[in-house]
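Following: one structure in structure tokens, then a few remarks.
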Amino acid sequence: MPESPLHEPVLEWYDDHQRDLPWRRPEASPWSVLVSELMLQQTPVARVLPVHEAWLTRWPTPAALAAEPTGEAVRAWGRLGYPRRALRLHGAAVAIVERHGGEVPDAYTDLIALPGVGDYTAAAVASFAFGHRHVVLDTNVRRVLARAVSGRELPGPSVTRAERDVATALLPDDPATAATWAVAVMELGALVCTAASPRCGDCPIADRCAWRAAGHPAYDGPARRAQAWAGTDRQCRGRLLAVLRDSDLPVHRSALEAVWPDGAQRTRCLETLLADALVAQVGPDTFALP
DNA sequence: CATGCGTGGAA
DNA sequence: TTTCCAAGCAT
């Protein structure tokens, strides 16, 4: 389903406005792309940039990372958030060495079999790193298509069949063009067609946007539940892990008690961190990164 | 399919 | 000061 009136303006806009990101440069390796995609899951580009650079310097290949303890990945992950992603990236590196001779695979089915790689990430790596033709459906793309094509402000909570059909119908036939289209729509969503304050005045397809034509009707789907934070297990786990991350030596229980007063919750969170293999117990009362 | 999972900057 | 996130994944 090639020629859509959306293609040319979006591709031209991307050519003029795309950000210069390390994982988009011609010399970027598939490993660099994969690392960036894991880090960018729910984490803003600005915070990923320095960690990605340090990561690729220290571990230029999957084999280099796979040779290290998982705790080194957790430490290097720093404050990107969702540190289980660090374990998954390490696990992906191990799997790449074991199953693919140390080379990041280019096939979607091989990619999605890696830890931490779901539909979006598999399609993104196959498309961005290898130029393959895939529907790359992230939250940015979903929002752009919801607006421009479907006339709604925001996509629903989960990907629908109809949404995927729309994205598939718009995907250019030529693989190279499809890959550029995928990253271009995503970039448009990230820079112009943003969630909160879309800059329709800068949008290359504003005159073809169904949402704009309909007068920017407000989102009418199910309310997205706000995520609580203060006092949650997530906050507690974050505090505990930060103590271990910031110490080169194993830490005593007392150091953990100091950052979270609620003993029952602290104990429970420490247990889940141990169960998740984000923390290791190295003595009767001492803990460290694995 | 609904939930849980971190973080720090912007509105 | 609160709120709301930001290129999802696993269960």
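Sequence lines set the chain letters: A, B, ... in the order given, protein chains first and strands last, and positions in each chain run from 1.
- The side chain of A:E37 lies closest to C:dA7, out of B:dG6, C:dA6, C:dA7.
- Looking at heavy-atom distances under 4.0 Å, A:W77 makes no contact with the nucleic acid at all.
- Summary of the strand contacts: A:L80 and A:P157 both lie near DNA chain B, and taking for each the nucleotide with the nearest heavy atom, the more 5' one is attributed to A:P157.
- Donor-acceptor pairing under 3.5 Å, judged by distance alone, is absent between the side chain of A:R234 and the base of B:dG4.
- Among the heavy atoms of the strands, none lies under 4.0 Å from A:L38.
- Crowding of A:E257 atom CD: a count of heavy atoms from other residues, nucleotides or ligands under 6.0 Å exceeding 12.
- Residue A:P30 comes nearest to A:A129 through the heavy atom pair CA-CB, 3.9 Å, listed as atom of the first residue, atom of the second, then distance.
- Of the listed nucleotides (B:dC5, C:dA7, C:dG8), C:dA7 has the atom at the smallest distance from the side chain of A:L21.
- As judged by a 4.0 angstrom heavy-atom cut-off over every strand, A:A124 is placed among residues making no nucleic acid contact.
- Comparing the P positions of C:dA7 and B:dA11 gives a spacing of 14 Å, expressed to the nearest Å.
- The CD atom of A:Q235 sits 9 Å away from the P atom of B:dT7 (whole-angstrom rounding).
- To the nearest angstrom, P of C:dG8 lies 13 Å from CD of A:E163.
- Here B:dC5 presents its C1' atom at 5 Å from OH of A:Y82, a figure rounded to the nearest Å.
- A straight line from CE of A:M39 to P of C:dG8 spans 15 Å, rounded to a whole angstrom.
- With no hydrogens or angles considered, no side-chain donor-acceptor pair links A:Q41 and A:Y120 at under 3.5 Å.
- Between A:L240 atom CG and B:dG6 atom P there is a gap of 11 Å when expressed in whole angstrom units.
- For A:Y108 and A:H134, the ring centers sit closer than 6.0 Å to each other.
- Nearest nucleotide to the side chain of A:N140, out of B:dC5, C:dA7, B:dG6: C:dA7.
- Taking atom CG on A:L145 and atom P on C:dA7, their separation rounds to 14 Å, with Å as the unit.
- Using a 4.0 Å cut-off, some side-chain N or O of A:R245 falls inside it from OP1 or OP2 of B:dT7.
- Inspection of the A:R133 and A:S127 side chains reveals no N or O donor paired with an N or O acceptor under 3.5 Å.
- Picking from B:dG6, B:dC5, C:dA7 the nucleotide with the shortest atom distance to the side chain of A:W23 gives C:dA7.
- The residue A:T43 sits close to a base: some heavy atom pair falls under 4.0 Å.
- With rounding to whole Å, A:L40 atom CG is found 5 Å from C:dA7 atom C1'.
- Donor-acceptor pairing under 3.5 Å is recorded for the side chains of A:T43 and A:R85.
- Using a 4.0 Å heavy-atom cutoff across all strands shown, A:R19 reaches at least one base atom of the nucleic acid.
- Each of A:T232 and A:S158 lies near DNA chain B, and the nucleotide nearest A:S158 is the one positioned closer to the 5' end.
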Chi angles and distances behind the side-chain hydrogen bond (donor to acceptor under 3.5 Å, both in side chains) call for A:E153, A:W211: CA-CA 7 Å; A:E153 182 187 19; A:W211 183 51; 5.5 Å; no

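- Between A:D233 and A:R266 no salt bridge is recorded (no basic side-chain N to carboxylate O distance below 4.0 Å).
- Counting non-hydrogen atoms under 4.0 angstrom, A:R47 reaches a base of the nucleic acid.
- Counting to the nearest Å, the P atom of B:dT3 and the CG atom of A:D276 are 20 Å from each other.
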Which atoms of nucleotides 9-11 of chain C (N or O only) lie under 3.5 Å from a protein N or O atom, and what are those distances?
from: C:dC9; atom 1: OP1; to: A:G118; atom 2: N; distance (Å): 2.8
from: C:dC9; atom 1: OP1; to: A:T121; atom 2: N; distance (Å): 3.0
from: C:dC9; atom 1: OP1; to: A:T121; atom 2: OG1; distance (Å): 2.7
from: C:dA10; atom 1: OP1; to: A:G116; atom 2: N; distance (Å): 2.7

